[in-house]
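See below for the structure under consideration.
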Amino acid sequence: MRLLLVEDDHMIGETVLDQLRHENYAVDWVRDGATARDALRHESYDLVILDLGLPKTDGLDVLKTLRASKSKVPVLIATARDGIEQRILGLDAGADDYLVKPYDLHELLARIRALLRRSFGRSQALYEYRNLSFNTISKEVLLNGEPVALSSREWAVLEALVARPGTILSRTQLEDKLFAWKDDINSNAVEVYIHGLRKKLGNDFIQTVRGLGYVVPRS
Amino acid sequence: MTEHLTVYSLRRRLLFWLFAAITLGVLIQAGVSYRVALDEVDLLSDYHMEHMALAIKGGLPPPVMPDELETETEDDGFDLSIQAWNQDGERVLGTASAASRVPRHPVLGFSTLDVDGRAVRVFVIRHEHGVIQVTNDISSRNTLARKLAWRTSTPVVLMAPVLLLGVWWLVSVSLRPIEEARAQVADRAPNDLSPLPRSGLPSELLPFIDEINSLFERIRHHLSSQQQFIADAAHELRSPLTALRLQVQGQQRAQSDDDRDMANRRLLAGIDRSTRLIEQLLALARQESPEGAPTVSVALSQLMRLAISDVFPMAQDRHIDIGADHISEVHVQGQPEALRMLLRNLLDNAVKYTPEHGTVSVSVVSGSTKGVSVKVEDSGAGIHPNDRPRVFDRFYRGASSGALGSGLGLSIVKAIADRHGIKVEIGTSSRLGGAQITLHFTSENPPQDRSS
């Protein structure tokens, strides 16, 4: 899952960034509205955590631009603006959730999970796919009821594919979900993770579509 | 409203003086009437006396005259007594009682005599058979004049209470707008600072009401800026609090010692940041409050040395070369602690926004014409011209500042500068390429050159 963190406060930003990475999200952190707008225009994210009081361009304007471009990416506003009107303004501008500072880290993470879940059309943290069951909170995978040990990167690849069964994801798309800007990307990293997953889950679970990418077939 | 010592009532004062004037007027009127009546009574009495004497002369010798002929009547009030003597000096006629009888007066015509302590008017006329003397008591004249004067004054005296009543009413009516305005102010809720209505007020009261309204306006402005400040401060406190909370939770979730160490470092930095923000808020509140420390003569060069030593450790940490180009030994009038804080905030900003291995340079110059000026320049990114008008706003951070500071440093600088009549100029350092901030100590703050 690739997230965009828009936060101008250095201290908040670095801690949230660390904690999100800890949760195996690929996170890009930008610190002003104009850069956020550029990032959203050029990259695809699974979720945006948006502060509103930003230098250069206000967060609300960033959000409006984003929605004007028909993007459906979930947006979680995390701001110090706590007025009722401001919350309404934010939600009406297209935000999916609104969190007021100072917020709790666990709540932030839970809301991120909830938003991601919903954006993939699921309403529960636990879901099953064929003979696999996924727990998106504990990041556990059970194969026929037996836990499977996955590395965080393997989990990330699997989660991206299982999120939209039947959708073919290219290697670049998967890389995007795995790595933030600052990470070093090994050219065949995705292949390595796919290989690992096949070994643990069985060869036919993730299928290769030649010249296009990978897919988890619809059950 | 609690100051009762020097308070006087306009209404009472007006009424007092108007009443006094009316009373005095009535008294003067009565006095003048009396004087006029007295003159007239004199004239008439004299005329009567002469007339009487001539009448008697014409009819003399009247062989028989009533011994006591009192010509006093209630109507005219002339109290004349007549005596006549023949040529032998024998009194042939006497109308007055022996007690009030006036001895024969040797001078012809009118004269005023003092007979046994009473003033008497005497008219003496000679005829072929002797002398006729008509006498008239001055006191009776006075009584008569009083009577007449009273008669003319009565209407005025009777009118006076009516007049006073009228004046009282008029004063009350005229002063009612003041009372109404007072009631309006008195009935106000403490937070109601809407302007007082001007309609229905006399032009004499309008300037006062306008001044009150303008004061209300200033108070409202001041209050709203205070409220804004509190709102801003509360808002600004959220960020460091959010950071603290996240940092604590980050520390709780840390899984390795390295993570925990880093989380601890961040937490401490977060606490320092909150502390600094609160200190800055306090400093700003103090600088913007009306009271302050007394103004004394301050050695600016010495203050600059103190301020530089305040930021020196931070500059060293960041390998920034901080120093002075030129320091004049000058004194200015001001509050030493406030001025030191001003300089420290400027230097703090300069060091903070200058990249490592950069340069920060200060100078204190005492120009002969321009007065004292202090310059702080650095080799940082400078302050963008678009930001310049707003950098003094509370909590404003330039786009390039990275939200490092509290956004209050320059607000504090401005507040102190305003209080000291110092002009702050933001420019670009031609030598170092970064920001250049110049403080101009204006003429209201005359420099006292005491270089020794």
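Chain letters run A, B, ... following the sequence lines, proteins first and then strands; every chain starts at 1.
Interatomic distance, CD of A:Glu107 versus CD of B:Gln249, reported as 10.0 Å (0.5 Å rounding). Atom CD in B:Gln247 sits 5.5 Å away from atom CE in A:Met11 (nearest 0.5 Å). Note that NE2 of A:His10 is 13.5 Å distant from OG of B:Ser239, once rounded to the nearest 0.5 Å.
A distance-only check finds a donor-acceptor pair linking the side chain of B:Arg238 to the backbone of A:Lys101 [under 3.5 Å].
When heavy atoms are compared at a cutoff of 4.5 Å, B:Ala263 does not approach chain A at all. Interface residue A:Asp104: backbone and side-chain heavy atoms are both found under 4.5 Å from chain B. Using a 4.5 Å cut-off between heavy atoms, A:His22 touches chain B through its side chain atoms alone. For A:Leu109, the part sitting under 4.5 Å from any heavy atom of chain B is the side chain, from C-beta outward, and nothing else.
Residue-environment remark: NE2 (A:His106) exceeds the threshold of 12 foreign heavy atoms within 6.0 Å.
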Determine, stepwise, if the pair A:Thr15 / B:Arg266 fulfils side-chain contact (heavy atoms from CB on, under 4.5 Å).
-> CA-CA 8 Å; A:Thr15 307; B:Arg266 285 182 180 172; 4.1 Å; yes
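For the set B:Val248, B:Leu246, B:Asp259, B:Leu244, the count of heavy-atom pairs under 4.5 angstrom toward chain A peaks at B:Leu246. Heavy-atom pairs under 4.5 Å with chain B were tallied for A:Val16, A:Asp82, A:Leu108, A:Val100; the largest tally goes to A:Asp82.
Within the 4.5 Å cutoff, side-chain heavy atoms of A:Asp18 are placed close to those of B:Met262.
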